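Down below is the structure, laid out as structure tokens.
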Amino acid sequence: MTTKPKYIFCTGGVVSSVGKGLTVAAIGRILKARGLKVAIQKLDPYLNVDPGTMSPYQHGEVFVTADGAETDLDLGHYERFVDENVSRMSNITAGQVYLTVLEKERKGDYLGGTIQVVPHITNEIKRCIRLVGRQTDADVVIVEVGGTAGDIESLPFLEALRQLRTELKRRDALYVHVTFLPHIGATDEIKTKPTQHSVRELRGIGIQPNVIIARTDHPINDDIISKIALFCDVDEDAVIPLQTADNIYAVPLMIEETGLGDFILKRFRLEAAAPDLSEWEGIVRRCRSVTDKLRIGIVGKYVELHDAYMSVKESITHAAVLQSQDVEICWIHSGELEKGKRLDELETLDGIIVPSGFGYRGIEGKIAAVKHARENKVPYLGLCLGMQVMCIEYARNVLRLDDANSTEFDVSSPHPVIDLMAEQRAITDMGGTMRLGEYPCKLTPNSLAARAYGASRIMERHRHRYEFNNDYRAAFMTSGVCFSGLSPDGILVEIAELQDHPFMLGCQFHPEFLSRPNRPHPLFAAFVQASAEYRDELGRLALRSAMRADDN
């Protein structure tokens, strides 16, 4: 294809959360559909080393890569759309960049020179960008810069991108600027002035966008496109209108229709196959044609911010759509359940998921949801902490181990069924101290998990410190719990399931990170199927009850 990668640098303007990450992922999808090898990288200007210690309220979900990096949630979009695993080099923060430079300075690598943003910080940023291309052998590397043009913290990153244009052949770099066109309701007008100001900010530091993607909630006519092209000095066919989609998986198809894929190939002078988006079109078609309603509850303590559970939400959708189910997600705050509120809402659910989390707040509410699922035979899927609270609830209410808990929440618990991993006891730093990344798991033959996977050995991604306490393994197993997934050496519990329940399974890992719109994760697929069967069975029971009432 190419002798060296081409680079697409994507910046944002006007407002944050404009959909830049989804747009980048969609561009990656349409290029991959042409047979090109694509790599994507996110540059985050904040000074945190990674999102791992940041509150979900601040940053949403932490996406974990196969090689154990805690990264921005946009990397989940990259993997789901492009269907290629990303790595720790795919998410670079200002904190990582400054830390690397300062460590080199402390070791004397700069020979006593004065350390400056230019060239030392910008050189490190450029090194990280080039490294992704070398590691992946990509034809095209797409680099997204977090934040918005005009942010002070973004300036070193934008300066690095400006320098790269000179260092690369001009035809090897393409600048894409994603902006937002506000609509004034009183006059029914779409305004381009904020976009013009945003582009002027970029031009003031030496970056001229080659493509402008104009996000909008309303249709854009040719006059607006011409105006943006004139005032922002880009070709009219490089002004790409992108109206808010009814489904995020429709975005690649919408961008393809604008001709951006062919524009990029022409700009880079690349030869590639005709785009094949037939599978993607099938995904979107199924998303729009589902009819059967399935009501799934997600019980967590960050549910007011849906981005905190982005991969979980998408994984449910992937599994449901392929089974012709239309999912209604019921977001239930575990803190409210803890206070005795919304408990009746659990009665309306066809399935319950308790996702990951940290800290004691809302734990008792999650345990209440687990108890409801166990006693009423409601399909249940526990993810990481969701497996741990499943074991705590079972210990308390089935094994009658009063005050059973995790030492994360109660260090003096008389029955610590969940406990700190031995190698973590002496660690005090919070960042990067967990079991992170991909680990193998051996499945028990004929178990629910083995049937779902159709395999005897799997690889899954982890992000946790605490494990099931093996001191209690025998008591659980003799009372009806099957530990259907273990580490290959048999020491660590990876999956627990109840044998007298149609579907009650908890896993210590994060299956949501491996689900794809064209390839749902086996555990989510099995959970959705069980939830649909539970709903249909309730329907039959209600019908029989109504018929008996009529007979009487």
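All figures in this text were calculated on a predicted structure; none of them were measured in a lab. All residue numbers refer to positions in the sequence shown, counting from 1.
Here Asp536 contributes atom CG and Asp292 contributes atom CG; the two are 7.5 Å apart, rounded to the nearest 0.5 Å. The line from CG of Leu383 to CE of Met387 is 11.0 Å long, rounded to the nearest 0.5 Å. Remark: Glu256 CD to Glu281 CD distance equals 9.0 Å, nearest 0.5 Å. Separating the CD atom in Glu494 from the CZ atom in Phe468 is a distance of 13.0 Å, to the nearest 0.5 Å. One finds the CG atom of Leu505 at 6.5 Å from the CE atom of Met390 (value rounded to the nearest 0.5 Å). Note: Thr93 OG1 to Asp44 CG = 7.0 Å, rounded to the nearest 0.5 Å.
At a cut-off of 3.5 Å, with distance as the only test, a side-chain donor of Tyr78 or Glu144 sits close to an acceptor on the other residue. The closest side-chain donor-acceptor pair between Tyr466 and Gln508, if any, does not fall under 3.5 angstrom. Asn85 and Ser87 form no side-chain donor-acceptor contact under 3.5 Å, judged by distance and modelled atom types alone. At a cut-off of 3.5 Å, with distance as the only test, no side-chain donor of Asp403 or His415 sits close to an acceptor on the other residue. Side chain to side chain, Gln323 and Arg286 fail the donor-acceptor criterion of an N or O pair below 3.5 Å. Looking at Asn91 and Asp50, their side chains never bring a donor and an acceptor atom within 3.5 Å of each other. Using a 3.5 Å distance cut-off with no hydrogens or angles, the side chains of Gln388 and Glu467 do not pair a donor with an acceptor.
Put simply, the side chain of Asp307 reaches to within 4.5 Å of the side chain of Met310, judged on heavy atoms. Counting heavy atoms from C-beta on, the side chains of Tyr439 and Met459 never come closer than 4.5 Å. Put simply, the side chain of Ile298 reaches to within 4.5 Å of the side chain of Pro355, judged on heavy atoms. Contact annotation: the side chain of Ser447 approaches that of Glu497 to within less than 4.5 Å [non-hydrogen atoms, C-beta and beyond]. Taking 4.5 Å as the limit, some side-chain heavy atom of Thr65 sits within range of a side-chain heavy atom of Thr71. Inter-residue side-chain proximity for Leu337 and Ile332 is flagged as met; some heavy-atom pair is nearer than 4.5 Å.
The residues Arg519 and Asp83 are annotated as salt-bridged, a charged nitrogen and a carboxylate oxygen being separated by less than 4.0 angstrom. Salt-bridge formation is not detected for the pair Arg295/Asp350: no Lys NZ or Arg NE/NH1/NH2 atom is positioned less than 4.0 Å from an Asp or Glu carboxylate oxygen. Ion pairing of Arg80 with Glu314 is absent here, as no side-chain N (NZ or NE/NH1/NH2) approaches a carboxylate O to less than 4.0 Å. One finds no salt bridge joining Glu393 and Lys371 here, because no Lys/Arg side-chain nitrogen approaches an Asp/Glu carboxylate oxygen to under 4.0 Å. Comment: Lys37 does not engage Asp139 in a salt bridge, judged by the lack of any side-chain N to carboxylate O separation of less than 4.0 angstrom.
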Practice task
Show your reasoning for whether ring-ring contact (aromatic ring centres under 6.0 Å, His included) applies to Phe503 and Tyr534.
Solution key: CA-CA 10 Å; Phe503 192 101; Tyr534 174 80; over 10 Å; no
Exercise for the section: Kindly indicate, with the supporting measurements, whether the criterion side chain to side chain donor-acceptor pair (under 3.5 Å) is fulfilled by Ser311 and Glu61. Expected result: CA-CA 8 Å; Ser311 292; Glu61 171 188 83; 2.8 Å; yes
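The backbone N or O of Glu345 sits less than 3.5 Å from a side-chain atom of Thr348, completing a donor-acceptor pair. In this structure a side-chain-to-backbone donor-acceptor pair under 3.5 Å is present from Gln96 to Val49. With hydrogens and angles disregarded, a donor-acceptor distance shorter than 3.5 Å links the side chain of Asn470 to the backbone of Ile491. Distance alone, capped at 3.5 Å, places no donor-acceptor pair between the Asp326 side chain and the Thr291 backbone. In terms of modelled atom types and a separation under 3.5 Å, the side chain of Lys301 and the main chain of Gly362 share no donor-acceptor contact. A side-chain donor-acceptor contact under 3.5 Å links Arg516 to the backbone of Glu79. At distances below 3.5 Å, not a single donor-acceptor pair connects side-chain atoms of Glu408 with backbone N or O atoms of Leu420. When atom types are taken as modelled, the side chain of Trp280 and the backbone of Asn518 share no donor-acceptor pair closer than 3.5 angstrom. The backbone N or O of Ala274 sits nowhere less than 3.5 Å from a side-chain atom of Arg34 that would complete a donor-acceptor pair. Remark: side-chain polar atoms of Gln325 are not paired, donor with acceptor, to backbone N or O of Lys293 under 3.5 angstrom.
Each of Phe527, Phe509, Tyr453 was compared with His521 under the ring pair (Phe, Tyr, Trp, His ring centres under 6.0 Å) criterion, and only Tyr453 meets it.
Evaluation of the ring pair (Phe, Tyr, Trp, His ring centres under 6.0 Å) test over residues 369-401, restricted to residues two or more places apart or in two chains, returns Tyr394-Phe476.
Ring to ring, His59 and Tyr46 are close: their centroids are under 6.0 angstrom apart. Taking the six-membered ring for Trp, His318 and Tyr249 have ring centres closer than 6.0 Å.
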